[in-house]
J.: 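So that we are looking at the same thing, I have put the structure below in structure tokens.
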Number of protein chains: 2
Amino acid sequence: MKSGPTIQDIAAAAGVSKSTVSLVLQESPRIKAETAEKVREAARALGYVYNRGAANLRGRRSTTIGMVINDLTNPFFVELLVAIERVLAQSGYTTLMAHTAEDVETQTRVLRSMREQNVAGLIMSPALGTPDALADEIRSWGIPLVLVMRPMGVDVDTVGVDNTYGFELATQHLIEQGHTRIAFAGNRKGYTVANQRRQGYLSAMAEHGLAVDDEWIVDVELTPKGGRDAVRAIFDMKPRPTAVLCYNDQVAVGVLHELDRMGKRAGKALAVVGCDNVIAAEHTNPPLTTLSAGADRLGVMASRTLLARLEATEEQQAPVVQYFAVPELVVRESSVGAGSRSRSGSEAAL
Amino acid sequence: MKSGPTIQDIAAAAGVSKSTVSLVLQESPRIKAETAEKVREAARALGYVYNRGAANLRGRRSTTIGMVINDLTNPFFVELLVAIERVLAQSGYTTLMAHTAEDVETQTRVLRSMREQNVAGLIMSPALGTPDALADEIRSWGIPLVLVMRPMGVDVDTVGVDNTYGFELATQHLIEQGHTRIAFAGNRKGYTVANQRRQGYLSAMAEHGLAVDDEWIVDVELTPKGGRDAVRAIFDMKPRPTAVLCYNDQVAVGVLHELDRMGKRAGKALAVVGCDNVIAAEHTNPPLTTLSAGADRLGVMASRTLLARLEATEEQQAPVVQYFAVPELVVRESSVGAGSRSRSGSEAAL
DNA sequence: CTGAAAGCGCTTACAG
DNA sequence: CTGAAAGCGCTTACAG
């Protein structure tokens with residue numbers, strides 16, 4: 001810790017008081033232009049570096065924002081993080097990052113650390129299994145919180161996706177392709193997002209009068225490995241499903257991969273749909289049909305929601321934000337060509 | 001900024017001085033166990049939160065570390081970031097993150113911001129085109145700097161990869177598979193890493209007495225799109241190369257994808273090798289042969305190097321660290337089966 | 001083993 | 001338009 005010149009040093013060099021220097025650094029219009037220039041010149045000459053920590057302590061404010069992310073191995077969350085960091089930086093905030101790797105204890109630890117660091121606000125994508133009470137606890141700290149992707153009750157600002165609608169849309173697409181036996185590769189346990197996605201699938205099936213065999217709901221890890229396991233399970237079923245809806249693109253990548261290993265082609269042997277539209281989904285073999293809600297747009301929304309909270313006074317706070325983006329289906333090769341309807345078309349091409 | 005109890009409040013509640021409270025919080029052995037317990041109890045009762053910013057200001061130290069990353073859309077750097085963040089957190093440091101998206105101006109801005117935030121040290125993967133002088137400038141700030149992946153001269157701590165050796169290894173592997181016309185998809189411009197990789201390729205070719213046609217060095221974007229462009233360029237050459245060495249896995253993914261679009265299979269139509277061994281390389285179709293130096297291991301090395309600098313006194317500083325991991329080649333399907341040597345094998349199997 | 005005092009580098013009323 | 005003074009929440013010699 002080599003310490004450089006302080007406003008005191010600048011004040012001495014410029015022949016003014018440190019109050020004046022402070023005001024100049026804040027670009028206060030109260031200081032005469034001439035004086036201000038003299039001060040800026042002295043600061044430059046001395047190689048002055050503003051000490052934001054000291055300013056925050058004295059001013060009882062903070063310009064850092066904590067970003068708590070559950071899974072950076074999923075590129076979707078990386079896209080989200082990048083967008084959020086960009087928007088916050090543009091508004092003069094610095095991002096304190098922490099990765100929880102879906103571990104609730106790690107999450108507790110990093111939240112404590114961020115509180116000690118005196119963050120002005122928090123954006124969090126909570127780890128699976130986070131108790132709902134955590135949102136209340138954070139509120140009790142007096143730190144504004146915006147949740148992304150994973151809701152935790154209706155009284156906390158949340159930016160996410162309408163998963164139920166999205167999975168209805170995806171299921172409907174598969175039905176339109178002529179599929180009637182459609183599997184779901186995700187997990188059966190009760191986290192909100194998983195439930196919504198499963199529910200969207202189930203209700204679209206019901207709406208079209210299609211029965212769902214319980215074994216079609218394949219409980220797997222939400223990773224490529226899980227996708228591979230799902231394919232093996234599906235090919236053991238008789239009659240076997242001709243399409244699979246995946247919890248997310250990570251699972252779908254595993255599905256595409258296992259099909260390839262078996263010498264089969266997604267889209268022909270089994271129609272595959274993912275969710276998230278990660279950048280890589282465009283370059284898988286074959287390219288992946290998937291639900292897109294726009295990671296960048298969600299990141300921008302989440303940051304703006306937080307910035308609005310920070311800039312509003314106690315009295316003028318807007319009501320709780322609950323924003324759920326409506327996803328679109330991006331149709332690519334992985335879901336086209338295997339259903340009975342389209343199969344007749346591809347047979348004609350043979 | 002709701003502010004909670006301070007050490008002064010705890011002191012009052014526990015009936016001691018704030019010096020004593022401070023010492024207890026630092027777990028100083030100088031305080032009697034009984035007194036310490038009384039203080040801790042009072043802190044708990046009041047819901048005390050340590051203010052690290054105030055402590056850092058007074059103690060003239062800092063417990064945050066800046067992490068400047070050039071490209072988070074490349075999963076390799078994400079793996080690196082995750083490893084670094086984990087190690088730093090374990091040592092009680094907080095990570096301030098910034099993403100430059102390969103933009104030198106953004107990088108300048110975030111470095112200034114981190115300096116104002118009073119980071120104890122910096123870990124940086126510099127943006128392409130960063131002037132070498134930047135390392136000296138950061139040193140002049142008195143902030144220890146560790147570079148990852150991209151060296152900038154020999155007098156700054158650096159943790160990277162022996163790219164020249166790696167690309168020699170990869171080239172040799174392709175030659176052993178019977179290939180003699182091997183292309184290189186990267187960029188021709190003069191950044192250190194690009195030069196090393198190209199050089200490794202060229203020297204292995206030379207060593208085996210194989211001529212390199214200038215057009216085989218395909219200058220493309222270092223993205224999947226670049227990989228796709230490379231494939232199109234290669235298939236226009238006559239006689240065309242039968243193998244391609246890619247700058248990194250991002251490029252290789254594009255190569256695999258374009259081959260698939262053309263109805264061809266990597267490994268048969270064209271042998272493909274990448275670099276980085278990102279997690280996804282295991283699940284591409286076909287799986288990707290690639291160079292692995294271990295993102296996690298590199299991240300751990302980089303963090304430890306920085307931690308060692310922070311913990312050593314001025315006099316006992318170790319000499320500059322220049323660590324270059326020796327990569328291994330992970331052979332998967334994308335590079336096997338297309339060379340003349342192995343082709344005879346596969347013909348026998350037909 | 002504990003306390004009184006000084007001070008880290010800033011900001012912010014307040015006074016002139 | 002500018003300055004003197006108080007203070008943000010801590011730590012650290014120093015004294016006892």
Side-chain angles (χ1 to χ4, degrees), chain A residues 1-40 42-43 46-64 92 115-120 141-142, chain B residues 1-40 42-43 46-64 92 115-120 141-142:
Chain A
M1 292 299 309
K2 181 203 82 148
S3 40
T6 70
I7 55 169
Q8 191 64 268
D9 300 317
I10 300 178
V16 297
S17 76
K18 66 188 177 125
S19 314
T20 303
V21 174
S22 177
L23 261 8
V24 171
L25 295 176
Q26 295 171 74
E27 300 185 15
S28 161
R30 287 165 47 194
I31 306 296
K32 197 164 46 164
E34 207 179 331
T35 314
E37 193 37 54
K38 199 170 56 180
V39 169
R40 271 192 281 269
L46 293 173
Y48 172 72
V49 178
Y50 187 70
N51 183 330
R52 200 162 294 279
N56 290 348
L57 175 58
R58 178 53 233 250
R60 299 165 135 279
R61 75 176 80 82
S62 159
T63 54
T64 67
R115 198 180 171 202
E116 290 187 358
Q117 299 281 349
N118 192 26
V119 295
W141 298 350
Chain B
M1 294 298 311
K2 185 203 79 149
S3 41
T6 70
I7 55 168
Q8 191 64 268
D9 300 317
I10 300 178
V16 297
S17 76
K18 64 187 177 124
S19 315
T20 303
V21 174
S22 178
L23 261 9
V24 171
L25 295 176
Q26 295 171 74
E27 301 184 14
S28 161
R30 286 166 48 195
I31 306 297
K32 198 164 45 164
E34 207 178 331
T35 314
E37 192 39 54
K38 200 169 56 180
V39 169
R40 271 191 283 271
L46 292 172
Y48 172 73
V49 178
Y50 186 71
N51 184 330
R52 200 162 296 278
N56 290 348
L57 175 59
R58 179 53 235 250
R60 300 166 133 276
R61 76 175 80 82
S62 159
T63 55
T64 67
R115 199 179 170 202
E116 290 186 357
Q117 298 281 350
N118 193 24
V119 295
W141 299 350

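Proteins get letters first, then strands, A, B, ... in listed order; numbering begins at 1 in each. Remember, predicted model here, so these are calculated numbers, not experimental data.
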J.: Nearest-Å distance, CG (Leu23(B)) to C1' (dT11(D))?
T.: 9 Å
J.: By nearest atom, which of the nucleotides dC8(D), dC10(C), dC1(D) is closest to the Ala55(A) side chain?
T.: dC10(C)
J.: Only pairs with both distances under 3.5 Å count, Watson-Crick or wobble alike; so what is the partner of dT2(C) in this structure?
T.: dA15(D)
J.: Which is true for Val21(A) with a 4.0 Å heavy-atom rule: it touches a base, it touches only sugar-phosphate, or it touches nothing?
T.: nothing
J.: Measure CG/Asn56(B) against C1'/dG9(C) and give the value in whole Å, please.
T.: 13 Å
J.: Expressed as a whole number of angstroms, how long is the span from Leu57(A):CG to dT11(C):C1'?
T.: 10 Å
J.: Pick base, sugar-phosphate or nothing for Val49(B), based on heavy-atom distances below 4.0 Å to the nucleic acid.
T.: sugar-phosphate
J.: Does dC8(C) have OP1 or OP2 under 4.0 Å away from a side-chain N or O of Gln8(A)?
T.: no
J.: In whole angstrom, give the distance that lies between atom NZ of Lys18(B) and atom P of dA5(C).
T.: 11 Å
J.: If you check every side-chain atom of Arg30(B), which of dG7(C), dG7(D), dG3(C) has the closest atom?
T.: dG3(C)
J.: Considering only side-chain heavy atoms of Thr6(A), which listed nucleotide, dC10(C), dT12(C), dT2(C), is closest?
T.: dC10(C)
J.: In the structure I gave you, are the side-chain heavy atoms of Leu23(B) and Val39(B) within less than 4.5 Å of one another anywhere?
T.: no
J.: From the list dT12(C), dG9(C), dA4(C), which nucleotide is the closest neighbour of the side chain of Ser19(B)?
T.: dA4(C)
J.: Ignoring the backbone of Ser17(B), work out which of dA4(C), dT11(D), dT12(C) is nearest its side chain.
T.: dA4(C)
J.: How many angstroms lie between CG in Asn51(A) and CZ in Arg58(A), if you round to the nearest 0.5 Å?
T.: 14.5 Å
J.: Whole-Å distance between dC10(C) P and Arg61(A) CZ?
T.: 13 Å
J.: Rounded off to whole Å, could you give me the CD1-to-P distance for the Ile31(B) and dT2(C) pair?
T.: 5 Å
J.: Could you please name the option among dG9(C), dT2(D), dT2(C) that lies closest to any side-chain atom of Thr20(B)?
T.: dT2(C)
J.: How long is the span from the CG atom in Leu25(B) to the CD1 atom in Ile31(B), to the nearest 0.5 Å?
T.: 10.5 Å
J.: Provide, to the nearest angstrom, the distance between the CD1 atom belonging to Ile7(B) and the C1' atom belonging to dC8(D).
T.: 12 Å
J.: Output the single nucleotide from dT2(D), dC10(D), dC10(C) whose closest atom is nearest the side chain of Asn51(A).
T.: dC10(C)
J.: Checking side-chain polar atoms at under 3.5 Å, does Ser22(B) have a donor or acceptor matched by the opposite partner on Ser19(B)?
T.: no
J.: Measure from CZ on Arg58(B) to C1' on dA6(C) and round the result to the nearest Å.
T.: 7 Å
J.: Tell me which nucleotide among dT2(C), dC8(C), dC10(C) gets nearest to the side chain of Arg60(B).
T.: dC8(C)
J.: Quick one: are Gln117(B) and Thr64(B) in side-chain contact, heavy atoms under 4.5 Å?
T.: no
